[in-house]
Every structure is written in C-alpha cells, then in structure tokens.
Amino acid sequence: SYQEAKANLALAYKNIGEIKKSLNIYQTLEYGGSWSLLAKFNHGITNVTIGSFKEGWKYYEYRWKVSPGNKEIWPFEDKPLWKGEEGSRVVLWREQGIGDDIIFLSLAPEVQEMCETLSVYVDPRLQALCKRAMPEINFVNDIEELQNVECEYHLPMGSVPGLIRNDISDFDRTVTGYLKADPKRVELIRKELQLDGKTVIGVSWKSLSSTFKTKSIHLRDMEHIFTGLDVVLVNLQYGDVDDEIKEFKETTGIDVLQCASVDNREDLDGLAALIEVCDLVVSITNVTVHMAGALAKETWVLLPYVANFWWLLDRTDSVWYPSSTLYRQPALDDWDSVYASIRIDLETRLGCN
C-alpha cells in the first residue's frame, strides 16, 4: 500500500530492462502527493520506450514538474501554447541538450508546413547547420532575439512529438537528412586528413553525461571491432581524448586520426563536415550519433541493454534516424556480444574472407 515505494520499484524494474513488470506497477499506482509528479514522468518515458506514444507524450509533459524542468524560466508568459493551429505564427524553443535539440529538429520541416511563419531557437552551435538545411525557417540565436519575434503561439521543442508523433505510423513521415554539412569544409577536411581512396570510419565511444554512464565504453575496447581491417579511423569523440588515442595506438597499433581544424564539441558545423567525410560511423549514443543520423550518414549504434527511450525496444532500426542500425546488448553489461556482431557485419561490408 506504500505507493511511493511502488513507484520506485517500477523505476527500478525499468532500469534493469524489466519493462513489463514496470508497467504493471505503474498501471496500479494510486497517484497522489509530490512523489507522483516524478512517477508520472517516469511512467511517460516508459510508455514511449514500448511505442505507446500518445500516453507516453502526455506524461512526458510532467518534465516541467520535476528537476531540472521545474526550474526552467519560460521565454513567453503572455502567449498561448501551440496546439497545432494551422496558418499561424509559431515559435519553438530549445529546453534540453544538443542531442535532444537534434532529435526535435527532425520535426521542424513538418511544423513549418503547418504554419504561416516558424521561428526556432536552438543551441547557437547548431545555427549554421540549421540555416543551411532549412532556410525557410527563422532560426534565432538567443532568448532576447526570440522574445522579439512576432508570433501568436509558442511551444517547447520537447512538446512537438506529442502533437505529430502519436502512433508508430506517424514516423513514416520522418525526414531523412534534415541537416546538411558545408560541402567546402567537407572537401578541406578530406584533403587535410588525406582520405582519398580510403575506407573511412568515424568513431566515438563515450558520453560525458553523468546520467547514462552505462552507455559509454573505452576506446581500447574498439580493438575487438577494428583490428586487422583495412580502414582508417577518424576521431568524432568530443572532449580531451589525446591520451586515450595515444594509448590505443601504442597498445593496438591502430591509429585514430584527429582533425586539427575541428573542435568536436564547440564547432558542430565542423563536426558535421567531419562526419560527412566518413563512409560509416560507429559510436555509442551521444551527440555524434544524433548528428550522424540527422545527416543521414550510415551509423552503427552501440546500445546498452537498457537504452534511452528514444531507441524504443528490440528494434535494430531507429524511427528517428533511418540511416542508423542499432546493436543492442543482449544482457546487462554484455558489450562483447555487441563488438562481435559489429565485427561480423563490418567484415561482410568490407568483403573480407
């Protein structure tokens, strides 16, 4: 009868991959009290995980009732939320991290078709990419500029799926390649790294987010995937990884090229160009994967046994990024099976005997 404890148990089941047990508890919960706000939010993302989108997005709105969303200052106080009114002037605004920005941007072209005008506030590091790919949308740089945009409605970007992605069939409208790299930078990087005539694979192996530590691996573990293959590896990992790359080279003999002209964390337009020179991207789930998916680059994604809700359950494809293939742990912490599967598919792709 202790409802808060039941909610915690439901979350615990979800976090070890026992989704059915988790949902069974959520469905019997008697909500009430401050604890129920977080429980409803967790119930929501669990529903999205199993593809129950309509119910899931409804509870996803409880992100505004719990930390950190409950501390967010909304940019508009005197305008109504957009509920899909066609032919109106609409503003969408960012509320989460870069990866979430990129996911939600996949919906912007569809929203734009419904509106008279559409303005979108995204992270400044994405501005050049967005303006190049979607010139008909007004992308703004900061909150002050956003508040000066003439509009009738506004909506946080994380609420857009609740309007236009409520059934799995809605993802048939997913836009492929909705971001575009700068072709001039692509060619400059190709020359800088001397990649002509080579099979180029971009790699990324960790997330610096403290929330999902189980999704990161060590660069040295990628030896299982790439040793002995005639490929060139290019670093797509952000952060200071010089020592890791040096150790990897000393231990395995495999080099990972670094592009001196691109800061993989701050220069996202450069990161997009770096991804574009690759024939394939192999990465855990971080900004690299979202950027590669948005560019429609063939991407092989290493997923932990319990993945973020964006990746749903049991699928080998992504409803958000059609160019991505998902390699899931078959059991908790079993990365070896993932490495083995990718190695087999990579040998097939490269025509190895």
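This is a predicted model, so every value here is computed, not measured. Atoms considered below: every heavy atom in the structure, side chains included; atoms not considered: hydrogens, waters and symmetry mates.
- The hydrophobic clustering, which links ILVMFWY residues whose side-chain heavy atoms are closer than 4.5 Å, places Leu107 and Trp57 together.
- The aromatic rings of Trp311 and Tyr321 sit tilted relative to each other, their planes meeting at an angle between 30° and 60°.
- The OG atom of Ser36 lies 10.5 Å from the CD atom of Gln3; values are rounded to the nearest 0.5 Å.
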Check against side chain to side chain contact (heavy atoms under 4.5 Å, CB included), Ser159 and Arg63: CA-CA 10 Å; Ser159 296; Arg63 69 191 183 282; 2.9 Å; yes
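- The two atoms that bring Ile25 and Lys6 nearest to each other are CG2-O, 3.2 Å, heavy atoms only.
- The pair Arg185-Asp267 meets the salt-bridge criterion, since a charged nitrogen lies less than 4.0 angstrom from a carboxylate oxygen.
- Legend: residues meeting side chain to side chain donor-acceptor pair (under 3.5 Å) with Lys184, ordered by chain and number and at least two apart, are absent.
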Side-chain atoms of residues 239-250: list all donor-acceptor pairs with protein atoms under 3.5 Å, sequence neighbours left out, distances to 0.1 Å.
unit_1: Asp242; atom_1: OD1; unit_2: Gln258; atom_2: NE2; d: 3.0
unit_1: Glu244; atom_1: OE1; unit_2: Trp205; atom_2: NE1; d: 3.0
unit_1: Glu244; atom_1: OE2; unit_2: Lys206; atom_2: NZ; d: 2.7

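- Residues Ser261 and Glu192 come closest through the heavy atom pair OG-OE1, 2.6 Å.
- Side-chain heavy atoms closer than 4.5 Å link hydrophobic residues (I, L, V, M, F, W, Y) into clusters, and following such links, even through other members, never connects Leu303 to Leu346.
- Of the inter-residue distances, the one linking Ile103 atom CD1 with Ser318 atom OG reads 8.0 Å to the nearest 0.5 angstrom.
- Annotation: the span from Leu312 atom CG to Ile168 atom CD1 amounts to 6.0 Å, rounded to 0.5 Å.
- In this structure, Leu163 CG and Trp82 CH2 are separated by 6.0 Å, a value rounded to the nearest 0.5 Å.
- The CZ atom of Arg328 lies 8.5 Å from the OG1 atom of Thr316; values are rounded to the nearest 0.5 Å.
- Follow the hydrophobic side-chain contacts under 4.5 Å out from Val234 and you reach Met291 in the same cluster.
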Applying side chain to side chain contact (heavy atoms under 4.5 Å, CB included), run through Met157 and Val120 and close with a yes or a no. CA-CA 9 Å; Met157 289 177 69; Val120 181; 4.1 Å; yes
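- Under a 3.5 Å cut-off, the side chain of Asn264 and the backbone N or O of Leu271 do not form any donor-acceptor pair.
- Linking ILVMFWY side-chain heavy atoms closer than 4.5 Å, directly or via other members, places Tyr238 and Leu302 in two distinct hydrophobic clusters.
- Of the possible polar contacts, one joining the Thr46 side chain to the Asn42 backbone as a donor-acceptor pair under 3.5 Å is found.
- By the 4.0 Å N-to-carboxylate-O rule, Lys297 lies close enough to Glu276 to be salt-bridged with it.
- Residues Met134 and Ile102 are members of one and the same hydrophobic cluster, defined by side-chain heavy-atom contacts under 4.5 angstrom among Ile, Leu, Val, Met, Phe, Trp and Tyr.
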Between Ser207 and Asn286, does a side-chain hydrogen bond (donor to acceptor under 3.5 Å, both in side chains) hold up when you go through it step by step? CA-CA 6 Å; Ser207 169; Asn286 57 13; over 6 Å; no
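- Evaluated for a salt bridge (Lys or Arg N to Asp or Glu O under 4.0 Å) with Asp269, the options Lys131, Lys180, Arg132 yield exactly one hit, Arg132.
- Considering only residues two or more places apart in sequence or on other chains, Lys14 meets the side chain to side chain donor-acceptor pair (under 3.5 Å) condition with none of them.
- Residue pairs meeting the ring pair (Phe, Tyr, Trp, His ring centres under 6.0 Å) criterion with at least one member in residues 6-28, sequence neighbours excluded, are Tyr26-His43.
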From CA spacing to verdict: salt bridge (Lys or Arg N to Asp or Glu O under 4.0 Å), Arg349, Glu298: CA-CA 12 Å; Arg349 190 183 193 280; Glu298 184 180 1; 2.6 Å; yes
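- Trp310 and Phe104 have their aromatic ring centers within a separation under 6.0 angstrom.
- The aromatic rings of Tyr59 and Tyr31 sit tilted relative to each other, their planes meeting at an angle between 30° and 60°.
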Test log, rule side chain to side chain contact (heavy atoms under 4.5 Å, CB included), inputs Trp93 and Val140: CA-CA 9 Å; Trp93 48 274; Val140 300; over 6 Å; no
Worked check of side chain to side chain contact (heavy atoms under 4.5 Å, CB included) between Thr299 and Val289: CA-CA 7 Å; Thr299 306; Val289 154; 4.2 Å; yes
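- Distance check: Lys215 NZ to Ile284 CD1 gives 5.5 Å after rounding to the nearest 0.5 Å.
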For residues 335-343, run the donor-acceptor check on the side chains, cut-off 3.5 Å, and write out each pair with its distance to 0.1 Å, sequence neighbours left out.
unit_1: Ser337; atom_1: OG; unit_2: Asp334; atom_2: OD1; d: 3.2
unit_1: Ser337; atom_1: OG; unit_2: Asp334; atom_2: OD2; d: 2.7
unit_1: Ser341; atom_1: OG; unit_2: Ser337; atom_2: O; d: 3.0
unit_1: Arg343; atom_1: NE; unit_2: Glu347; atom_2: OE2; d: 2.8
unit_1: Arg343; atom_1: NH1; unit_2: Ile225; atom_2: O; d: 3.0
unit_1: Arg343; atom_1: NH1; unit_2: Thr227; atom_2: O; d: 2.6
unit_1: Arg343; atom_1: NH2; unit_2: Thr227; atom_2: O; d: 3.0
unit_1: Arg343; atom_1: NH2; unit_2: Glu347; atom_2: OE2; d: 3.3

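- In summary, the side chains of Gln237 and Thr288 do not present any donor paired with an acceptor at a separation below 3.5 Å, with no hydrogens or angles considered.
- Look at Arg165 and Glu110 and you find a salt bridge, because one of the NZ, NE, NH1 or NH2 atoms lies within 4.0 Å of a carboxylate O, short of that distance.
- Of the listed residues (Cys115, Cys151, Ser119), just one forms a side chain to side chain contact (heavy atoms under 4.5 Å, CB included) with Val90, and that residue is Cys115.
- Asp230 and Thr199 make their closest contact through O-CB, 4.2 Å (heavy atoms, listed as atom of the first residue, atom of the second, distance).
- The pair Asp263-Arg265 does not meet the salt-bridge criterion, since no charged nitrogen lies less than 4.0 angstrom from a carboxylate oxygen.
- What you find for Val301 and Thr285 is that their closest heavy atoms are CG1-CG2, 3.4 Å.
- Evaluation of the side chain to side chain donor-acceptor pair (under 3.5 Å) rule for Asp167 yields Ser169 as partners, not counting sequence neighbours.
- Between Pro330 and Tyr305, the shortest heavy-atom contact is O-CE1, 3.5 Å.
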